[in-house]
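Take a look at the structure below.
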Amino acid sequence: MKQPFFYDITLRDGNQALKKPWRQEEKEIVFEKLTELKVQGVEIGFPASSQMDFDSCVKLAEIAPSNMIVSVLSRCVQSDITAAVNSVKKAKIPRVHTFLTLSPFHMKYVLAKQPDEVRKIVIDAVSFAYRELIKENKNGQIQFSCEHFGDCAENLDFVIDTFKQCQDMGVTVINLPNTVERYRPGVFVRMVERVRNALDESVTIAVHNHNDLGMATATTVESYFHGAVQLECALNGLGERAGNTNLYEVAVALHNCGVDVPIDLSKIYETALTVSQMAKIPIFEKAPLIGPDALAHRSGIHQDGALKTKDMEMGAYRPIHPSLIGRNDDEKIGITSQSGKTAIFETISKAGYPITLQEAVRIAPIVKESAEKIGELSTGQIIDIYFSETFNVKGHFQLENFKHIKGGTFEFEFLYKNKDFIAKATGNGPIDACIKALRDSGFNIKLLHYEQSALGEEVFGAGSTAMTVVHIEDETGREIIGRARHGSTAVANIRAIFNALNIIYK
């Protein structure tokens, strides 16, 4: 199978569909992006449409790389063809692309001509274009497009016979446009295959698909596997109505199918952002590959799989590794009422705060409840919930005061269900004494583990220099983690125990 030939139509088909077509300087920026992408062929304009477009084509043809095919569009009209030849002749490999409809509907209702009349116009035009271009540049090529090829199922034999005559007149590329997408890809692809089988192998078959029903990428990709080598696409899918086939989607789809794609895929994302800005057409948030939400996961099941495979080439819920197209952003975990513990754990951890999966499980219902009211939560909102539910746990216990009496003896004043408790105990430090005092008060808990760390302002803000973590076992053997932070180590220690108690005794 031949390597796909990417023929970009952004500067012609894409530009003509913009509310404000690009100036020459802007066209040169887009052209530079196409060069960086290593697109093999570019249709740079329609020179007969205006003097400005003619001058633009002349300039782009002059600066084009020597290995790039540079094409211009013309109707099957001699004056158009002459303008096309004169605008592109200085390119190293110039091409004149002329077109006319051969669909029964358009010949009857738009051209108001008989099929044989239309065929004669086509043959006269391509033969004239060939003579004129080769006279100016022996490397010249002629492309003919059967506009509305997708509507030619009922007269396909006539169309193919016309293509054969074009082939005899020096045409080396036959383009099959789905000018208006009306049917499923399989219908179009079978027509492409018939044309491929009918013409000489020396003739390149091209497809040019519009996206009226949202299937242009699928149609283009499948056409390649049925004989179309030249794939006409546009950056960001720009084009008339719903746009043209998106170059990025076709290139990546073929890449994923094991095809040797000549495009520099790493330039895709940067190119997409540049073109969006220049065209003043925002990238749809759900746009494949390049959309802001293309790497987002909000379902708990998806988030779990995505996080478990985030560092792998193949992700559980993404088609490619983002770096393939030059995206440096990671998969986005959006916290909503549909999210799970894994996403909450990852979000808080990534923000630089200590949390265990057990703690994420505990605060998940609070996060979900908040998201049900607000919608998707920001990282800041999630951190606020984490702080509230981890370092200041509300519940039946409320520490009022504690003080060092003497030696290893401490006194603790606290409320439990609004009942006052004053308990004294002697132990190996305030934590040990606090556990004993609580047991003496009827709360049978056990300290399993204790750790403390010093934390600077970059983590918890000014004045927060100590964090205590305690693992407490309740009467049933359940292990609960309590955390607290305070400028005083002793205060952090006791608060951590009481935060754990409020989790245990809900």
First locate atom CD of Gln277, then atom CD of Glu26, and finally report the distance between them rounded to the nearest 0.5 Å. 10.5 Å
Would you say that Met107 contacts Phe158 through its side chain, given a criterion of any heavy-atom pair below 4.5 Å between the two side chains? yes
When every non-hydrogen atom of Ile9 is compared with those of His208, the smallest separation belongs to CD1-CE1, 3.3 Å
Quick one: do Lys308 and Asp304 make a salt bridge, cutoff under 4.0 Å? yes
Does the pair Gln167 and Asp200 meet the rule for a side-chain contact (heavy atoms from CB on, under 4.5 Å), with working shown? CA-CA 8 Å; Gln167 172 185 282; Asp200 291 348; 3.1 Å; yes
Does the side chain of Thr219 reach to within under 4.5 Å of the side chain of Val207, using non-hydrogen atoms? no
Any chance you could lay out the side-chain contact (heavy atoms from CB on, under 4.5 Å) test for Ile263 and Lys38, step after step, and finish with the verdict? CA-CA 5 Å; Ile263 298 296; Lys38 299 182 180 176; 5.5 Å; no
Using side chain to side chain donor-acceptor pair (under 3.5 Å), reason through Ser74 and His97 one step at a time and then give a plain yes or no. CA-CA 6 Å; Ser74 76; His97 172 200; over 6 Å; no
Distance-only donor-acceptor check, side chains Gln24 and Ser56, under 3.5 Å: yes
Just verifying a value: how many Å separate Leu18 CG and Lys20 NZ, rounded to the nearest 0.5 Å? 11.0 Å
In terms of heavy-atom contacts, Tyr130 and Gly170 come closest through CD1-O, 3.8 Å
Evaluate the ring pair (Phe, Tyr, Trp, His ring centres under 6.0 Å) criterion for residues Tyr353 and Phe387: first the C-alpha distance (whole Å), next the side-chain angles of each, then the deciding distance (0.1 Å), finally the verdict. CA-CA 10 Å; Tyr353 299 100; Phe387 270 41; 5.5 Å; yes
First locate atom CE of Met169, then atom CZ of Phe128, and finally report the distance between them rounded to the nearest 0.5 Å. 15.0 Å
Could you check whether any side-chain N or O of Asn137 sits under 3.5 Å from a backbone N or O of Asn139, counting only pairs where one atom can act as donor and the other as acceptor? yes
Hey, mind stepping through Ile174 and Cys166 against side-chain contact (heavy atoms from CB on, under 4.5 Å) and telling me if it holds? CA-CA 9 Å; Ile174 294 292; Cys166 287; 4.3 Å; yes
Count the heavy atoms belonging to other residues, nucleotides or ligands that lie under 6.0 Å from NZ of Lys368, then report whether that count exceeds 12. yes
Please indicate whether Lys19 has more than 12 foreign heavy atoms, meaning atoms of other residues, nucleotides or ligands, lying under 6.0 Å from its NZ. no
Whether Thr245 side chain and Thr217 backbone form a donor-acceptor pair below 3.5 Å: no
Regarding Lys2 and Asp260, does a basic nitrogen lie under 4.0 Å from an acidic carboxylate oxygen? no
Quick check: does any side chain N or O of Glu181 sit under 3.5 Å from a backbone N or O of Leu213, one acting as donor and the other as acceptor? yes
With a 4.5 Å cut-off on side-chain heavy atoms, are Thr172 and Thr204 touching? no
Regarding Asn197 and Glu193, do their side chains bring together a donor and an acceptor under 3.5 Å, going by distance alone? no
For the pair Arg362 and Glu359, find out whether any cationic side-chain nitrogen is under 4.0 Å from an anionic carboxylate oxygen. no
Is the side chain of Trp22 donor-acceptor paired with the backbone N or O of Glu28 at a distance under 3.5 Å, no angle test? no
Using a strict cut-off of less than 4.0 Å between a Lys/Arg side-chain nitrogen and an Asp/Glu carboxylate oxygen, indicate whether Asp124 and Lys120 qualify as a salt bridge. yes
Donor-acceptor pair, distance only, cut-off 3.5 Å: does the side chain of Gln230 make one with the backbone of Phe5? no
Specify the closest pair of heavy atoms between Asp151 and Ser103, including all atoms of both residues, with the distance to one decimal. CB-CB, 3.8 Å
Can you check side-chain contact (heavy atoms from CB on, under 4.5 Å) on Ile69 and Val42, steps first, answer last? CA-CA 6 Å; Ile69 290 175; Val42 177; over 6 Å; no
With side chains defined as the heavy atoms from C-beta onward, is the minimum distance between Arg131 and Ile81 less than 4.5 Å? no
Could Glu132 and Lys135 be called an ion pair, given the rule that one side-chain N must be under 4.0 Å from one carboxylate O? yes
Side-chain ion pair, Asp8 and Lys33, N-O less than 4.0 Å: no
Is Tyr386 close to Arg483 at the side-chain level, that is, under 4.5 Å between some pair of heavy atoms? yes
If we only count heavy atoms from C-beta on, is the Glu313 to His321 side-chain gap below 4.5 Å? yes
Are more than 12 heavy atoms, taken from residues, nucleotides or ligands other than Met314, located less than 6.0 Å from that residue's CE atom? no
Donor on one side chain, acceptor on other, Ser71 and Gln143, under 3.5 Å: no
Going by the salt bridge (Lys or Arg N to Asp or Glu O under 4.0 Å) test, which pairs reach into residues 223-243, not counting sequence neighbours? Asp212-Arg241
Is it true that a side-chain atom of Ser370 and a backbone atom of Val367 form a donor plus acceptor pair closer than 3.5 Å? no
Shortest non-hydrogen separation from Phe149 to Leu156 and the atoms involved: CE1-CD1, 3.6 Å
If only atom types and distance count, is the side chain of Thr179 paired as donor or acceptor with the main-chain N or O of His148 below 3.5 Å? yes
Within 45 degrees of the ring normal and closer than 6.0 Å to the centroid, is that where the cationic atom of Arg12 sits relative to Phe46? no
Nearest heavy-atom approach of Leu238 to Ala279 is CD1-CB, 4.2 Å
Between Ser337 and Ala371, what is the shortest heavy-atom contact and its length? N-CB, 3.4 Å
Expected output: side-chain Asn178 to main-chain His210 donor-acceptor under 3.5 Å: no
Go through Tyr7 and Gln40 one step at a time and tell me if the side chain to side chain donor-acceptor pair (under 3.5 Å) criterion holds. CA-CA 6 Å; Tyr7 178 96; Gln40 300 118 297; over 6 Å; no
CD/Gln381 to CD/Glu376 distance, rounded to the nearest 0.5 angstrom? 9.5 Å
Can you check whether Val30 reaches Leu235 side chain to side chain, under 4.5 Å on heavy atoms? yes
From Asn244 CG over to Thr220 OG1, what is the distance, rounded to the nearest 0.5 angstrom? 9.0 Å
Quick check on Ile301: does its CD1 atom have over 12 non-hydrogen neighbours (other residues, nucleotides or ligands) under 6.0 Å away? no
Is any side-chain N of the basic residue among Lys310 and Glu346 closer than 4.0 Å to the acidic one's carboxylate O? yes
Between Asp161 and Arg119, is there a side-chain N and carboxylate O pair less than 4.0 Å apart? yes
If we ignore hydrogens and angles and just use 3.5 Å, is the side chain of Ser266 paired with the main-chain N or O of Gly326 as donor and acceptor? no
For Glu36, does the CD atom sit with more than 12 other heavy atoms under 6.0 Å from it, leaving out its own atoms? yes
Distance (rounded to the nearest 0.5 Å) between Ile142 CD1 and Arg95 CZ: 9.5 Å
Which one of Leu37, Thr35, Thr274 satisfies the side-chain contact (heavy atoms from CB on, under 4.5 Å) criterion with Lys267? Leu37
Check: His106 main-chain N/O paired with Thr101 side-chain donor or acceptor under 3.5 Å: no
Is Met278 close to Lys27 at the side-chain level, that is, under 4.5 Å between some pair of heavy atoms? no
